[in-house]
Amino acid sequence: MRKADREAEYVDFVAARQAHLRRIARGVCRDHHQAEDVLQNALVKLYVAWPRVRLENAEAYTRRIIVRAHLDEVRRPFRSREVVGLDGHDRGAPEGASYEDRSALTEALRALPEMQRKVVVLRHWVGLSTKETAADLGIAEGTVKSYCSRALTRLEVALAATS
Amino acid sequence: MGIDWERELDRAIAPGGDRPPSDFVAPGRRALRRRRTAVSAASAAAVAVVVGLGSLVGGSAGLVGEPPAGIGVAEDPSQGPSEGGTVDRVEDGPTRGGAADLRMSCRMWDAEPHPARYDGRGTLCLAEGAEVLERVPDPLGYGSAGKSVGLHLAVDGGEQFALATWRPDDRSQVSDRAAGELSDWLPAQVAAQRDRDVDAAAEGWVSLTDDGEMVAGPGVDLVELVEVDLGPGFAPDGVSSWAAELRVDGVRELVLLRNLADGTEVVRQSGDFATFEAFVADAEERYPEIGGSW
């Protein structure tokens with residue numbers, strides 16, 4: 001495939017799947033700035049690897065880079081704390097979800113330990129199986145189940161507190 | 001009735017506006033150029049490039065991690081840059097000198113979320129007042145290729161576990177409130193870090209076919225391949241692993257491979273080894289037998 005064709009294919013993929021991948025990044029990261037860093041890094045790596053990554057595998061490949069990112073890497077030590085809704089990108093809560101509900105669950109999700117947060121997003125939002133989640137994160141299936149159980153317990157508490 | 005987690009999480013995870021794909025294409029082209037420049041150089045020169053990059057990341061050039069002037073920098077101006085980025089102040093004895101001495105040769109910010117990290121030159125920095133209760137040297141088994149340390153620290157009236165890693169072009173740190181034993185907490189963090197060490201650019205260099213044959217990807221020559229047992233720290237029971245020497249666009253690369261459910265994972269290794277056998281022997285020595293989850 002010619003370089004121009006490869007690049008056009010990459011651009012099409014990014015245009016089509018960027019929003020979904022950004023939400024995965026936002027789900028697994030503690031704040032939106034970090035999520036943007038992680039997404040940027042993942043899509044740049046995808047560009048480099050594009051000749052070797054088949055189109056049908058591109059999303060899984062990128063997702064894997066996102067969920068395995070160095071979330072604790074200190075790249076912006078003085079990055080200000082994020083204020084939800086003020087970054088010019090948020091569209092607001094979906095219909096039916098009160099601000100309090102969404103805020104409480106969002107905060108509870110962010111407060112989870114990193115791996116628990118990743119597990120719950122991959123299992124219960126992306127919809128991966130336990131086996132797929134384990135493969136994405138490089139951990140044992142039993143560990144996925146354990147993290148998931150602990151995470152959902154914490155999230156249930158957060159939801160119950162708002163109801 | 002159970003909670004519909006997909007629906008709840010869909011509400012909780014905010015969508016965001018798209019950016020034009022060109023935002024990713026331009027840096028992608030730059031990254032590709034950097035990679036091509038690196039792989040087209042001779043091996044020795046490539047090592048020099050990596051070392052040079054390491055000194056830029058968080059180093060005196062200040063591309064990453066340079067704090068704004070006047071904000072919480074604890075650095076002794078009398079300390080010059082450490083040669084080759086290999087000074088590990090912990091070796092001087094944290095239990096002797098205390099954390100304050102460790103801080104004198106590196107930068108630690110007031111807003112630092114973790115109590116321990118390596119700076120760009122590979123100097124270990126601890127939060128002010130931190131006391132090292134327990135230390136596990138090089139749990140990642142980087143050897144001469146980098147640095148890592150697992151720590152049990154007393155800091156700010158509490159205790160924390162921490163893992164910090166440094167390689168010439170990469171570093172990371174993770175910490176958690178201490179609960180139980182460091183030896184129980186560390187293996188999972190080490191395993192997670194090993195996975196993060198996987199170089200995305202190396203994916204596809206080699207892969208295992210359904211017939212059990214290891215084949216090289218485009219532009220890659222498989223020079224040497226041997227099945228190895230690096231213990232559960234690298235691959236759990238039932239997962240086969242190999243060491244390989246490759247030629248990628250003509251440049252020698254040494255890699256470790258493990259065959260996961262969704263494909264062959266290529267873990268690129270750094271270090272200067274005269275022979276493939278020396279590389280394998282080093283890998284077998286460096287990857288310690290660690291228990292816990294892989």
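Chain identifiers are assigned alphabetically (A, B, ...) following the order of the sequence lines, protein sequences preceding nucleic acid strands; residue numbering begins at 1 within each chain.
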Sequence neighbours left out, what passes ring-ring contact (aromatic ring centres under 6.0 Å, His included) with B:F161? Give chain and number order. B:H152, B:W185
Is it the backbone or the side chain of A:L155 that comes under 4.5 Å from a heavy atom of chain B, or both, or neither? both
Using only heavy-atom distances, determine whether the side chains of A:R150 and A:S146 contain a donor-acceptor pair under 3.5 Å. yes
Out of A:H20, A:E156, A:R123, return the one with the most heavy atom pairs under 4.5 angstrom to chain B. A:E156
Quick one: does any side-chain atom of A:Q18 pair with a main-chain N or O of B:R19 as donor and acceptor, under 3.5 Å? yes
When the 4.5 angstrom heavy-atom criterion is applied to B:D23 and chain A, the contacting part is backbone
Proximal component of A:L152, with respect to chain B [non-hydrogen, under 4.5 Å]: both
Return the set of residues passing ring-ring contact (aromatic ring centres under 6.0 Å, His included) with A:F13 (not counting sequence neighbours), or none when no residue passes. A:W50
